[in-house]
Novice: 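Pasting a structure here, questions to come.
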Amino acid sequence: MRDYAGTGTLLRLALRLDRVRATAWILGIVLFTTASAQSNNDLYGTAEEREKLAETVETNPAMLALGGRAFDLTTTGGVNAYQLVAFMATIIGLMSIFMVVRHTRAEEESGRAELAGSAVLGRKAWLASSLLLVTGMNLVIALLLGLGLQNTDLPATGSWAFAFGCAGVGIFFALVAGIAAQLTDHARSANGIAATVLGLAYLLRATGDAASASDGGLSWLTWVSPIGWAQMMRPYTDEDWAVALLFVVAAAVLLAAVGVLIGRRDVGAGVLPPSLGPTEAAPALRSPFALAWRLQRGSMLGWALAFLVVGAAFGGVADGMVDVAEDNPNIDELLRDLGGSGSIVDVFLATITSLIAVVVGAYALQSALRLSGEESAHRIDPVLSTAVNRLSWAGSHLTVAALGSVVMLTSAGLAAGLAHGINSGDVAGEVPRVLGAALAQVPAVWTLIGLCALLFGLLPRYTAVAWAVLAVVLVIGQFGEVLKLDQMVMNLSPFTHVPDLPSADFRATPLLVLVLLAAALIAAGLSGFRRRDVA
(Lines give C-alpha, C1' and ligand atoms only; values in the text may rest on other atoms or scores of the structure.)
Protein backbone atom coordinates (compact mmCIF):
# COMPACT_ATOMS: atom_id res chain seq x y z
CA MET A 1 0.00 0.00 0.00
CA ARG A 2 3.04 2.29 0.04
CA ASP A 3 2.29 3.25 -3.56
CA TYR A 4 -0.98 4.83 -2.37
CA ALA A 5 0.33 6.63 0.73
CA GLY A 6 -1.11 10.15 0.96
CA THR A 7 -4.00 9.48 -1.42
CA GLY A 8 -6.55 10.77 1.08
CA THR A 9 -4.57 13.95 1.65
CA LEU A 10 -4.29 14.63 -2.08
CA LEU A 11 -8.02 13.94 -2.51
CA ARG A 12 -8.86 16.52 0.17
CA LEU A 13 -6.50 18.97 -1.54
CA ALA A 14 -8.17 18.37 -4.90
CA LEU A 15 -11.61 18.90 -3.37
CA ARG A 16 -10.39 22.12 -1.80
CA LEU A 17 -8.86 23.43 -5.02
CA ASP A 18 -11.74 22.41 -7.28
CA ARG A 19 -14.75 22.86 -5.02
CA VAL A 20 -16.13 25.61 -7.27
CA ARG A 21 -15.10 24.00 -10.57
CA ALA A 22 -16.49 20.58 -9.63
CA THR A 23 -19.73 22.07 -8.32
CA ALA A 24 -20.18 24.07 -11.53
CA TRP A 25 -19.67 20.96 -13.67
CA ILE A 26 -22.09 18.88 -11.62
CA LEU A 27 -24.85 21.46 -11.36
CA GLY A 28 -24.46 22.56 -14.98
CA ILE A 29 -24.81 19.00 -16.30
CA VAL A 30 -27.73 18.09 -14.02
CA LEU A 31 -29.68 21.31 -14.55
CA PHE A 32 -29.17 21.31 -18.32
CA THR A 33 -30.25 17.68 -18.64
CA THR A 34 -33.34 18.00 -16.47
CA ALA A 35 -34.36 21.27 -18.14
CA SER A 36 -33.98 19.65 -21.56
CA ALA A 37 -36.00 16.64 -20.43
CA GLN A 38 -38.80 18.88 -19.19
CA SER A 39 -38.75 20.79 -22.47
CA ASN A 40 -39.02 17.52 -24.43
CA ASN A 41 -41.90 16.42 -22.23
CA ASP A 42 -43.74 19.63 -23.14
CA LEU A 43 -42.89 19.46 -26.85
CA TYR A 44 -43.93 15.82 -27.22
CA GLY A 45 -46.71 15.71 -24.67
CA THR A 46 -49.20 13.90 -26.89
CA ALA A 47 -49.05 10.51 -28.55
CA GLU A 48 -49.72 12.12 -31.93
CA GLU A 49 -46.69 14.40 -31.66
CA ARG A 50 -44.46 11.48 -30.64
CA GLU A 51 -45.77 9.36 -33.50
CA LYS A 52 -44.92 12.08 -36.01
CA LEU A 53 -41.43 12.39 -34.55
CA ALA A 54 -40.96 8.63 -34.85
CA GLU A 55 -41.99 8.67 -38.50
CA THR A 56 -39.39 11.37 -39.18
CA VAL A 57 -36.52 9.94 -37.14
CA GLU A 58 -36.62 6.15 -37.32
CA THR A 59 -35.82 5.99 -41.04
CA ASN A 60 -33.53 9.04 -41.17
CA PRO A 61 -29.84 8.02 -40.78
CA ALA A 62 -28.68 11.64 -40.36
CA MET A 63 -31.02 12.31 -37.44
CA LEU A 64 -30.11 9.02 -35.77
CA ALA A 65 -26.42 9.82 -36.11
CA LEU A 66 -27.01 13.29 -34.68
CA GLY A 67 -29.27 12.29 -31.79
CA GLY A 68 -28.78 8.64 -31.00
CA ARG A 69 -30.40 5.22 -31.21
CA ALA A 70 -34.21 5.47 -31.14
CA PHE A 71 -35.66 2.44 -29.37
CA ASP A 72 -39.17 3.66 -28.55
CA LEU A 73 -40.36 7.13 -29.47
CA THR A 74 -43.95 6.47 -28.38
CA THR A 75 -43.14 7.66 -24.83
CA THR A 76 -41.60 10.88 -23.56
CA GLY A 77 -38.92 8.79 -21.85
CA GLY A 78 -37.96 7.22 -25.15
CA VAL A 79 -37.80 10.65 -26.78
CA ASN A 80 -35.48 11.91 -24.04
CA ALA A 81 -33.27 8.85 -24.33
CA TYR A 82 -32.98 9.39 -28.09
CA GLN A 83 -32.14 13.08 -27.81
CA LEU A 84 -30.05 13.29 -24.63
CA VAL A 85 -28.14 10.11 -23.72
CA ALA A 86 -25.39 10.31 -26.36
CA PHE A 87 -24.96 14.07 -26.02
CA MET A 88 -24.82 14.17 -22.21
CA ALA A 89 -22.56 11.10 -22.03
CA THR A 90 -20.12 12.90 -24.34
CA ILE A 91 -20.17 16.04 -22.18
CA ILE A 92 -19.60 14.00 -19.01
CA GLY A 93 -16.74 12.21 -20.77
CA LEU A 94 -15.11 15.56 -21.56
CA MET A 95 -15.51 16.67 -17.95
CA SER A 96 -13.80 13.50 -16.72
CA ILE A 97 -10.91 13.89 -19.16
CA PHE A 98 -10.21 17.50 -18.22
CA MET A 99 -10.42 16.85 -14.48
CA VAL A 100 -8.15 13.78 -14.47
CA VAL A 101 -5.46 15.39 -16.63
CA ARG A 102 -5.64 18.53 -14.50
CA HIS A 103 -4.83 16.57 -11.35
CA THR A 104 -2.23 14.21 -12.84
CA ARG A 105 -0.17 15.26 -15.83
CA ALA A 106 -0.70 19.00 -15.28
CA GLU A 107 0.59 18.67 -11.71
CA GLU A 108 3.69 16.86 -12.93
CA GLU A 109 4.27 19.31 -15.74
CA SER A 110 4.17 22.24 -13.30
CA GLY A 111 6.62 20.54 -10.94
CA ARG A 112 4.19 20.49 -8.01
CA ALA A 113 3.90 16.71 -8.07
CA GLU A 114 7.67 16.29 -7.75
CA LEU A 115 7.77 18.79 -4.90
CA ALA A 116 4.94 17.05 -3.05
CA GLY A 117 6.54 13.68 -3.79
CA SER A 118 9.52 14.63 -1.66
CA ALA A 119 7.20 14.08 1.34
CA VAL A 120 5.51 10.82 2.28
CA LEU A 121 3.53 10.25 -0.91
CA GLY A 122 3.14 7.02 -2.81
CA ARG A 123 3.95 6.78 -6.49
CA LYS A 124 0.32 6.18 -7.44
CA ALA A 125 -1.22 8.64 -5.00
CA TRP A 126 -1.75 11.45 -7.53
CA LEU A 127 -3.46 9.18 -10.02
CA ALA A 128 -5.54 7.40 -7.37
CA SER A 129 -6.76 10.65 -5.82
CA SER A 130 -7.73 12.12 -9.20
CA LEU A 131 -9.62 8.97 -10.21
CA LEU A 132 -11.41 8.93 -6.87
CA LEU A 133 -12.34 12.58 -7.30
CA VAL A 134 -13.73 12.14 -10.79
CA THR A 135 -15.47 8.87 -9.96
CA GLY A 136 -17.13 10.63 -7.04
CA MET A 137 -18.21 13.49 -9.31
CA ASN A 138 -19.75 11.01 -11.75
CA LEU A 139 -21.62 9.21 -8.99
CA VAL A 140 -22.96 12.49 -7.61
CA ILE A 141 -24.08 13.42 -11.13
CA ALA A 142 -25.79 10.04 -11.45
CA LEU A 143 -27.58 10.47 -8.11
CA LEU A 144 -28.78 14.01 -8.82
CA LEU A 145 -29.62 13.19 -12.43
CA GLY A 146 -31.70 10.16 -11.50
CA LEU A 147 -33.66 12.17 -8.96
CA GLY A 148 -33.96 15.17 -11.29
CA LEU A 149 -35.30 13.14 -14.21
CA GLN A 150 -37.87 11.51 -11.96
CA ASN A 151 -38.91 14.99 -10.89
CA THR A 152 -39.85 15.68 -14.52
CA ASP A 153 -42.41 12.84 -14.29
CA LEU A 154 -40.22 10.29 -16.09
CA PRO A 155 -40.20 6.65 -14.89
CA ALA A 156 -37.78 5.90 -12.06
CA THR A 157 -36.15 2.78 -13.53
CA GLY A 158 -35.44 4.49 -16.85
CA SER A 159 -34.12 7.57 -15.08
CA TRP A 160 -31.58 5.52 -13.15
CA ALA A 161 -30.54 3.64 -16.30
CA PHE A 162 -30.05 7.02 -18.02
CA ALA A 163 -28.06 8.42 -15.09
CA PHE A 164 -25.78 5.45 -14.46
CA GLY A 165 -25.17 4.88 -18.17
CA CYS A 166 -23.87 8.42 -18.53
CA ALA A 167 -21.83 8.08 -15.33
CA GLY A 168 -20.33 4.87 -16.68
CA VAL A 169 -19.12 6.75 -19.75
CA GLY A 170 -17.61 9.40 -17.49
CA ILE A 171 -15.69 6.86 -15.42
CA PHE A 172 -14.53 5.06 -18.58
CA PHE A 173 -12.99 8.23 -20.00
CA ALA A 174 -11.52 9.17 -16.64
CA LEU A 175 -9.46 5.99 -16.93
CA VAL A 176 -8.66 6.74 -20.57
CA ALA A 177 -7.37 10.14 -19.44
CA GLY A 178 -5.32 8.41 -16.75
CA ILE A 179 -3.66 6.27 -19.42
CA ALA A 180 -3.07 9.31 -21.67
CA ALA A 181 -1.43 11.09 -18.73
CA GLN A 182 1.12 8.26 -18.51
CA LEU A 183 1.93 8.27 -22.22
CA THR A 184 3.02 11.89 -22.68
CA ASP A 185 4.83 14.51 -20.67
CA HIS A 186 2.49 17.41 -21.51
CA ALA A 187 -1.04 18.02 -20.20
CA ARG A 188 -2.09 19.46 -23.54
CA SER A 189 -1.05 16.29 -25.35
CA ALA A 190 -2.75 14.09 -22.74
CA ASN A 191 -6.00 16.00 -23.19
CA GLY A 192 -5.62 15.68 -26.95
CA ILE A 193 -5.07 11.90 -26.85
CA ALA A 194 -8.03 11.28 -24.55
CA ALA A 195 -10.30 13.68 -26.46
CA THR A 196 -9.37 11.89 -29.71
CA VAL A 197 -10.49 8.58 -28.19
CA LEU A 198 -13.73 10.26 -27.12
CA GLY A 199 -14.25 11.65 -30.61
CA LEU A 200 -13.64 8.22 -32.13
CA ALA A 201 -16.16 6.69 -29.71
CA TYR A 202 -18.73 9.30 -30.74
CA LEU A 203 -18.05 8.66 -34.44
CA LEU A 204 -18.42 4.90 -34.01
CA ARG A 205 -21.67 5.44 -32.13
CA ALA A 206 -22.99 7.80 -34.81
CA THR A 207 -22.10 5.39 -37.62
CA GLY A 208 -23.73 2.45 -35.88
CA ASP A 209 -26.87 4.42 -35.03
CA ALA A 210 -27.19 5.73 -38.59
CA ALA A 211 -26.90 2.19 -39.93
CA SER A 212 -29.72 1.08 -37.63
CA ALA A 213 -32.19 3.08 -39.74
CA SER A 214 -32.05 0.37 -42.39
CA ASP A 215 -30.78 -2.54 -40.29
CA GLY A 216 -27.44 -2.01 -42.01
CA GLY A 217 -24.47 -4.24 -41.43
CA LEU A 218 -22.61 -1.53 -39.53
CA SER A 219 -25.16 -1.13 -36.75
CA TRP A 220 -22.91 -3.28 -34.52
CA LEU A 221 -20.45 -0.36 -34.31
CA THR A 222 -22.63 1.13 -31.59
CA TRP A 223 -21.49 -1.73 -29.37
CA VAL A 224 -17.83 -0.79 -29.92
CA SER A 225 -18.38 2.64 -28.35
CA PRO A 226 -18.82 3.22 -24.59
CA ILE A 227 -21.25 6.01 -25.52
CA GLY A 228 -23.20 3.34 -27.36
CA TRP A 229 -23.21 1.19 -24.21
CA ALA A 230 -25.04 3.95 -22.35
CA GLN A 231 -27.65 3.94 -25.11
CA MET A 232 -27.85 0.14 -25.13
CA MET A 233 -28.90 0.17 -21.48
CA ARG A 234 -32.17 1.25 -23.15
CA PRO A 235 -33.41 3.87 -20.66
CA TYR A 236 -37.21 4.01 -20.54
CA THR A 237 -37.49 1.02 -22.94
CA ASP A 238 -37.13 -2.39 -21.27
CA GLU A 239 -33.92 -1.41 -19.48
CA ASP A 240 -31.01 -3.82 -20.01
CA TRP A 241 -28.89 -3.59 -16.86
CA ALA A 242 -26.60 -6.39 -18.04
CA VAL A 243 -24.93 -3.89 -20.38
CA ALA A 244 -23.52 -2.17 -17.27
CA LEU A 245 -21.16 -5.15 -16.97
CA LEU A 246 -19.34 -3.83 -20.05
CA PHE A 247 -18.42 -0.71 -18.09
CA VAL A 248 -17.21 -2.83 -15.16
CA VAL A 249 -15.04 -5.08 -17.35
CA ALA A 250 -13.66 -2.14 -19.35
CA ALA A 251 -12.87 -0.23 -16.16
CA ALA A 252 -10.98 -3.22 -14.75
CA VAL A 253 -8.92 -3.58 -17.94
CA LEU A 254 -8.13 0.13 -18.15
CA LEU A 255 -7.25 0.28 -14.45
CA ALA A 256 -4.83 -2.59 -14.88
CA ALA A 257 -3.29 -0.90 -17.92
CA VAL A 258 -2.77 2.41 -16.18
CA GLY A 259 -1.22 0.60 -13.22
CA VAL A 260 1.32 -1.05 -15.52
CA LEU A 261 2.13 2.17 -17.37
CA ILE A 262 2.71 4.27 -14.26
CA GLY A 263 5.43 1.84 -13.19
CA ARG A 264 7.27 2.20 -16.50
CA ARG A 265 8.12 5.88 -16.34
CA ASP A 266 9.82 8.47 -14.17
CA VAL A 267 7.99 11.32 -12.46
CA GLY A 268 7.54 14.16 -14.95
CA ALA A 269 8.24 11.94 -17.96
CA GLY A 270 5.92 9.98 -20.22
CA VAL A 271 6.12 6.42 -21.46
CA LEU A 272 6.44 7.71 -25.03
CA PRO A 273 9.85 9.39 -25.41
CA PRO A 274 9.68 13.03 -26.51
CA SER A 275 10.98 13.77 -29.97
CA LEU A 276 14.05 15.98 -29.98
CA GLY A 277 13.89 19.05 -32.17
CA PRO A 278 16.72 20.63 -34.15
CA THR A 279 19.45 22.49 -32.29
CA GLU A 280 18.47 25.74 -34.00
CA ALA A 281 15.00 27.00 -34.80
CA ALA A 282 13.92 27.20 -38.41
CA PRO A 283 13.57 30.71 -39.82
CA ALA A 284 9.80 30.30 -39.78
CA LEU A 285 9.91 29.81 -36.00
CA ARG A 286 11.94 32.90 -35.13
CA SER A 287 9.09 35.24 -34.24
CA PRO A 288 6.50 35.49 -31.43
CA PHE A 289 3.67 34.75 -33.87
CA ALA A 290 5.45 31.66 -35.21
CA LEU A 291 5.90 30.41 -31.64
CA ALA A 292 2.22 30.96 -30.83
CA TRP A 293 1.22 29.18 -34.04
CA ARG A 294 3.55 26.27 -33.28
CA LEU A 295 2.09 25.87 -29.80
CA GLN A 296 -1.54 26.01 -30.89
CA ARG A 297 -1.65 24.46 -34.35
CA GLY A 298 -2.43 20.97 -33.05
CA SER A 299 -5.48 22.00 -31.06
CA MET A 300 -6.60 24.24 -33.92
CA LEU A 301 -6.52 21.32 -36.35
CA GLY A 302 -8.46 19.10 -33.96
CA TRP A 303 -11.16 21.72 -33.38
CA ALA A 304 -11.40 22.45 -37.13
CA LEU A 305 -11.96 18.77 -37.96
CA ALA A 306 -14.61 18.54 -35.25
CA PHE A 307 -16.46 21.55 -36.67
CA LEU A 308 -16.33 20.06 -40.15
CA VAL A 309 -18.12 16.97 -38.84
CA VAL A 310 -20.63 18.98 -36.80
CA GLY A 311 -21.36 21.36 -39.65
CA ALA A 312 -21.90 18.52 -42.11
CA ALA A 313 -24.20 16.71 -39.66
CA PHE A 314 -26.42 19.72 -39.04
CA GLY A 315 -26.42 20.78 -42.68
CA GLY A 316 -27.43 17.27 -43.67
CA VAL A 317 -30.60 17.30 -41.54
CA ALA A 318 -31.68 20.88 -42.34
CA ASP A 319 -34.11 19.91 -45.09
CA GLY A 320 -35.69 17.29 -42.85
CA MET A 321 -36.74 20.00 -40.39
CA VAL A 322 -39.55 21.00 -42.77
CA ASP A 323 -41.39 17.74 -42.11
CA VAL A 324 -40.59 17.86 -38.39
CA ALA A 325 -41.94 21.41 -38.02
CA GLU A 326 -45.04 20.67 -40.09
CA ASP A 327 -45.83 17.66 -37.94
CA ASN A 328 -45.15 19.43 -34.64
CA PRO A 329 -46.12 23.14 -34.37
CA ASN A 330 -44.39 23.35 -30.99
CA ILE A 331 -41.01 22.70 -32.62
CA ASP A 332 -41.79 25.28 -35.29
CA GLU A 333 -42.58 27.84 -32.59
CA LEU A 334 -39.49 26.97 -30.56
CA LEU A 335 -37.16 27.28 -33.57
CA ARG A 336 -38.66 30.62 -34.54
CA ASP A 337 -38.16 31.89 -30.99
CA LEU A 338 -34.49 30.96 -31.28
CA GLY A 339 -33.74 31.68 -34.94
CA GLY A 340 -36.08 34.42 -36.16
CA SER A 341 -38.42 34.47 -39.14
CA GLY A 342 -38.21 33.10 -42.68
CA SER A 343 -38.43 29.54 -43.95
CA ILE A 344 -38.10 26.84 -41.31
CA VAL A 345 -34.90 25.57 -42.94
CA ASP A 346 -33.30 29.03 -42.70
CA VAL A 347 -34.54 29.39 -39.13
CA PHE A 348 -32.98 26.03 -38.25
CA LEU A 349 -29.69 26.98 -39.90
CA ALA A 350 -29.67 30.32 -38.05
CA THR A 351 -30.30 28.55 -34.74
CA ILE A 352 -27.59 25.97 -35.31
CA THR A 353 -25.12 28.61 -36.53
CA SER A 354 -25.57 30.63 -33.35
CA LEU A 355 -25.06 27.51 -31.23
CA ILE A 356 -21.92 26.54 -33.17
CA ALA A 357 -20.63 30.10 -32.69
CA VAL A 358 -20.91 29.75 -28.91
CA VAL A 359 -18.92 26.51 -29.08
CA VAL A 360 -16.35 28.33 -31.23
CA GLY A 361 -16.29 30.81 -28.36
CA ALA A 362 -15.07 27.95 -26.15
CA TYR A 363 -12.20 27.35 -28.59
CA ALA A 364 -11.44 31.09 -28.60
CA LEU A 365 -11.30 31.21 -24.80
CA GLN A 366 -9.05 28.17 -24.64
CA SER A 367 -6.73 29.66 -27.21
CA ALA A 368 -6.63 33.18 -25.75
CA LEU A 369 -6.19 31.94 -22.19
CA ARG A 370 -3.05 30.15 -23.32
CA LEU A 371 -1.49 33.46 -22.27
CA SER A 372 -2.38 32.74 -18.66
CA GLY A 373 -1.16 29.16 -18.90
CA GLU A 374 2.21 30.20 -20.30
CA GLU A 375 2.62 32.77 -17.54
CA SER A 376 1.61 30.49 -14.66
CA ALA A 377 3.99 27.78 -15.96
CA HIS A 378 6.80 30.41 -16.12
CA ARG A 379 7.45 29.68 -19.78
CA ILE A 380 7.01 33.36 -20.49
CA ASP A 381 10.19 34.30 -18.61
CA PRO A 382 12.82 32.89 -21.02
CA VAL A 383 10.88 34.32 -23.98
CA LEU A 384 10.68 37.85 -22.58
CA SER A 385 14.33 37.73 -21.52
CA THR A 386 15.18 37.96 -25.23
CA ALA A 387 14.43 40.81 -27.62
CA VAL A 388 10.73 39.85 -27.62
CA ASN A 389 8.57 42.48 -25.93
CA ARG A 390 5.39 41.89 -24.01
CA LEU A 391 2.99 43.32 -26.56
CA SER A 392 4.29 41.23 -29.45
CA TRP A 393 4.23 38.07 -27.34
CA ALA A 394 0.69 38.55 -26.03
CA GLY A 395 -0.57 39.98 -29.30
CA SER A 396 0.68 36.92 -31.19
CA HIS A 397 -1.37 34.53 -29.04
CA LEU A 398 -4.45 36.72 -29.36
CA THR A 399 -3.97 36.89 -33.12
CA VAL A 400 -3.80 33.10 -33.35
CA ALA A 401 -7.00 32.89 -31.28
CA ALA A 402 -8.75 35.42 -33.54
CA LEU A 403 -7.64 33.76 -36.79
CA GLY A 404 -8.39 30.33 -35.39
CA SER A 405 -11.96 31.43 -34.64
CA VAL A 406 -12.37 32.41 -38.28
CA VAL A 407 -11.03 29.00 -39.33
CA MET A 408 -13.51 27.20 -37.03
CA LEU A 409 -16.52 29.14 -38.28
CA THR A 410 -15.38 28.73 -41.88
CA SER A 411 -15.03 24.97 -41.41
CA ALA A 412 -18.50 24.64 -39.91
CA GLY A 413 -20.11 27.01 -42.42
CA LEU A 414 -18.57 25.35 -45.45
CA ALA A 415 -19.45 21.84 -44.30
CA ALA A 416 -23.02 22.80 -43.37
CA GLY A 417 -23.55 24.74 -46.59
CA LEU A 418 -22.15 21.95 -48.73
CA ALA A 419 -24.24 19.24 -47.02
CA HIS A 420 -27.39 21.35 -47.21
CA GLY A 421 -26.64 22.35 -50.79
CA ILE A 422 -26.23 18.72 -51.88
CA ASN A 423 -29.54 17.77 -50.27
CA SER A 424 -31.41 20.75 -51.73
CA GLY A 425 -29.75 20.53 -55.16
CA ASP A 426 -28.34 24.07 -54.96
CA VAL A 427 -24.72 23.86 -53.81
CA ALA A 428 -23.68 27.11 -55.52
CA GLY A 429 -26.48 29.03 -53.83
CA GLU A 430 -26.47 27.50 -50.34
CA VAL A 431 -22.74 27.39 -49.60
CA PRO A 432 -22.28 31.21 -49.72
CA ARG A 433 -25.45 31.78 -47.69
CA VAL A 434 -24.60 29.38 -44.89
CA LEU A 435 -20.91 30.33 -44.88
CA GLY A 436 -21.87 34.00 -44.64
CA ALA A 437 -24.16 33.24 -41.70
CA ALA A 438 -21.29 31.50 -39.92
CA LEU A 439 -18.75 34.28 -40.58
CA ALA A 440 -21.21 36.90 -39.33
CA GLN A 441 -20.62 35.39 -35.86
CA VAL A 442 -16.91 36.29 -35.93
CA PRO A 443 -17.24 39.74 -34.24
CA ALA A 444 -19.15 38.21 -31.31
CA VAL A 445 -16.44 35.56 -30.83
CA TRP A 446 -13.75 38.22 -31.02
CA THR A 447 -15.53 40.07 -28.21
CA LEU A 448 -14.95 37.04 -25.99
CA ILE A 449 -11.26 37.12 -26.95
CA GLY A 450 -11.23 40.79 -25.96
CA LEU A 451 -12.65 39.84 -22.56
CA CYS A 452 -9.87 37.28 -22.08
CA ALA A 453 -7.26 39.92 -22.96
CA LEU A 454 -8.82 42.36 -20.50
CA LEU A 455 -8.84 39.85 -17.65
CA PHE A 456 -5.30 38.68 -18.42
CA GLY A 457 -3.96 42.22 -18.47
CA LEU A 458 -5.81 43.71 -15.52
CA LEU A 459 -7.04 40.79 -13.36
CA PRO A 460 -4.78 37.81 -14.16
CA ARG A 461 -5.95 35.85 -11.11
CA TYR A 462 -9.53 35.90 -12.38
CA THR A 463 -9.14 34.79 -15.99
CA ALA A 464 -11.42 31.81 -15.25
CA VAL A 465 -14.27 34.33 -15.10
CA ALA A 466 -14.24 34.21 -18.91
CA TRP A 467 -15.62 30.65 -18.77
CA ALA A 468 -18.43 31.77 -16.48
CA VAL A 469 -19.26 34.51 -18.97
CA LEU A 470 -19.39 31.93 -21.76
CA ALA A 471 -21.80 29.83 -19.70
CA VAL A 472 -24.04 32.88 -19.21
CA VAL A 473 -23.88 33.62 -22.94
CA LEU A 474 -24.91 30.03 -23.71
CA VAL A 475 -27.91 30.24 -21.37
CA ILE A 476 -29.00 33.60 -22.80
CA GLY A 477 -28.65 32.43 -26.38
CA GLN A 478 -30.34 29.05 -26.07
CA PHE A 479 -32.89 29.68 -23.33
CA GLY A 480 -33.35 33.45 -23.26
CA GLU A 481 -36.42 33.54 -25.49
CA VAL A 482 -37.90 30.43 -23.92
CA LEU A 483 -37.41 31.84 -20.40
CA LYS A 484 -38.73 35.26 -21.52
CA LEU A 485 -35.67 37.08 -20.19
CA ASP A 486 -35.74 40.85 -20.20
CA GLN A 487 -34.19 42.43 -23.29
CA MET A 488 -31.56 44.17 -21.14
CA VAL A 489 -30.36 40.76 -19.98
CA MET A 490 -30.44 39.42 -23.54
CA ASN A 491 -28.28 42.33 -24.70
CA LEU A 492 -25.48 41.24 -22.36
CA SER A 493 -24.55 38.53 -24.85
CA PRO A 494 -22.59 39.71 -27.89
CA PHE A 495 -24.30 36.99 -29.94
CA THR A 496 -27.67 38.70 -29.37
CA HIS A 497 -26.53 41.54 -31.62
CA VAL A 498 -25.57 39.32 -34.56
CA PRO A 499 -28.24 39.15 -37.30
CA ASP A 500 -30.03 35.78 -37.49
CA LEU A 501 -28.61 34.88 -40.88
CA PRO A 502 -29.69 33.34 -43.20
CA SER A 503 -33.26 33.84 -41.90
CA ALA A 504 -32.92 37.63 -41.40
CA ASP A 505 -31.58 40.62 -43.29
CA PHE A 506 -27.89 41.47 -42.96
CA ARG A 507 -27.04 44.48 -40.75
CA ALA A 508 -23.45 45.72 -40.69
CA THR A 509 -23.72 48.27 -37.88
CA PRO A 510 -23.96 45.90 -34.89
CA LEU A 511 -21.11 43.80 -36.28
CA LEU A 512 -18.91 46.88 -36.64
CA VAL A 513 -19.73 47.91 -33.06
CA LEU A 514 -18.73 44.45 -31.80
CA VAL A 515 -15.43 44.62 -33.68
CA LEU A 516 -14.67 48.02 -32.15
CA LEU A 517 -15.63 46.72 -28.69
CA ALA A 518 -13.34 43.72 -29.10
CA ALA A 519 -10.48 45.99 -30.22
CA ALA A 520 -11.03 48.27 -27.21
CA LEU A 521 -11.01 45.36 -24.77
CA ILE A 522 -7.83 43.94 -26.30
CA ALA A 523 -6.12 47.33 -26.21
CA ALA A 524 -7.04 47.81 -22.54
CA GLY A 525 -5.84 44.31 -21.68
CA LEU A 526 -2.50 44.71 -23.46
CA SER A 527 -2.00 48.09 -21.82
CA GLY A 528 -2.56 46.52 -18.41
CA PHE A 529 -0.23 43.62 -19.16
CA ARG A 530 2.47 46.04 -20.25
CA ARG A 531 2.38 47.75 -16.84
CA ARG A 532 1.90 44.89 -14.38
CA ASP A 533 4.42 42.44 -12.97
CA VAL A 534 4.78 39.03 -14.56
CA ALA A 535 3.98 36.14 -12.22
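Counting begins at 1 with the first residue of the sequence.
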Novice: Residues two or more places apart in sequence or in another chain: which of them pass side chain to side chain contact (heavy atoms under 4.5 Å, CB included) with A312?
Specialist: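 A312 satisfies side chain to side chain contact (heavy atoms under 4.5 Å, CB included) with A415 only.
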Novice: Among residues at least two apart in sequence or on other chains, which ones pass side chain to side chain contact (heavy atoms under 4.5 Å, CB included) with A128?
Specialist: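 A128 satisfies side chain to side chain contact (heavy atoms under 4.5 Å, CB included) with Y4, T7 once adjacent residues are dropped.
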Novice: Any sub-3.5 Å donor-acceptor pair from S225's side-chain atoms to T222's backbone N or O?
Specialist: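 Looks like no, no N/O pair under 3.5 Å.
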Novice: May I have all residue pairs that pass salt bridge (charged side-chain N to carboxylate O under 4.0 Å, His left out) and include part of residues 231-248, sequence neighbours excluded?
Specialist: none
Novice: For residues 67-85, which residue pairs pass the salt bridge (charged side-chain N to carboxylate O under 4.0 Å, His left out) check, not counting sequence neighbours?
Specialist: R69-D209
Novice: My understanding is that only residues two or more places apart in sequence, or in another chain, count here; which of them pass side-chain hydrogen bond (donor to acceptor under 3.5 Å, both in side chains) with Q38?
Specialist: D42
Novice: Quick check against the 3.5 Å criterion: does W229 have a side-chain atom that pairs as donor or acceptor with the backbone of G165?
Specialist: no
Novice: Using atom types as modelled and distance alone, determine if a side-chain donor or acceptor of Q231 lies under 3.5 Å from a backbone N or O of I227.
Specialist: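 No, the answer is negative, given that no donor and acceptor are paired below the 3.5 Å cut-off.
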Novice: Who passes side chain to side chain contact (heavy atoms under 4.5 Å, CB included) against F495, sequence neighbours left out?
Specialist: A357, V358, Q441, A444, V445, L448, V473, S493
Novice: Sorted by first residue and then second, give each side-chain hydrogen bond (donor to acceptor under 3.5 Å, both in side chains) pair with at least one member in residues 150-177; sequence neighbours left out.
Specialist: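 Listed by first then second residue: S159-Y236.
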Novice: For a quick test of your reading: what N or O donor-acceptor pairs under 3.5 Å do the side chains of residues 18-30 make, sequence neighbours left out?
Specialist:
residue : atom : partner : partner atom : Å
D18     : OD1  : R21     : NE           : 3.4
D18     : OD1  : R102    : NE           : 3.1
D18     : OD1  : R102    : NH2          : 2.9
D18     : OD2  : R102    : NE           : 3.0
D18     : OD2  : H103    : NE2          : 2.6
R19     : NH1  : R16     : O            : 2.5
T23     : OG1  : R19     : O            : 2.5

Novice: Can you pull the salt bridge (charged side-chain N to carboxylate O under 4.0 Å, His left out) pairs that have at least one residue in residues 355-367, sequence neighbours excluded?
Specialist: none
Novice: Among residues at least two apart in sequence or on other chains, which ones pass side-chain hydrogen bond (donor to acceptor under 3.5 Å, both in side chains) with T353?
Specialist: none
Novice: Under the side chain to side chain donor-acceptor pair (under 3.5 Å) criterion, do N138 and S96 qualify, and how do the steps go?
Specialist: CA-CA 8 Å; N138 278 281; S96 299; 3.2 Å; yes
Novice: Out of the candidates T104, L11, T9, L15, only one should pair with S129 under the side chain to side chain contact (heavy atoms under 4.5 Å, CB included) rule; please name it.
Specialist: L11
Novice: Less than 4.5 Å apart, any side-chain heavy atom of R205 and any of W223?
Specialist: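 With C-beta onward as the side chain, the pair stays apart.
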Novice: Heavy atoms, side chains only, cut-off 4.5 Å: are V258 and L254 in contact?
Specialist: no
Novice: Who passes ring-ring contact (aromatic ring centres under 6.0 Å, His included) against Y82, sequence neighbours left out?
Specialist: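 Expected list: none.
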Novice: Looking at CZ of R105 and OG1 of T184, how far apart are the two atoms once the value is rounded to the nearest 0.5 Å?
Specialist: 6.5 Å
Novice: Please check this pair: side chain of S36 against backbone of F32, looking for a donor-acceptor N/O pair closer than 3.5 Å.
Specialist: yes
Novice: For T46, which residues count as a side chain to side chain contact (heavy atoms under 4.5 Å, CB included) partner, sequence neighbours excluded?
Specialist: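 Partners of T46 under the side chain to side chain contact (heavy atoms under 4.5 Å, CB included) test: E48, E49.
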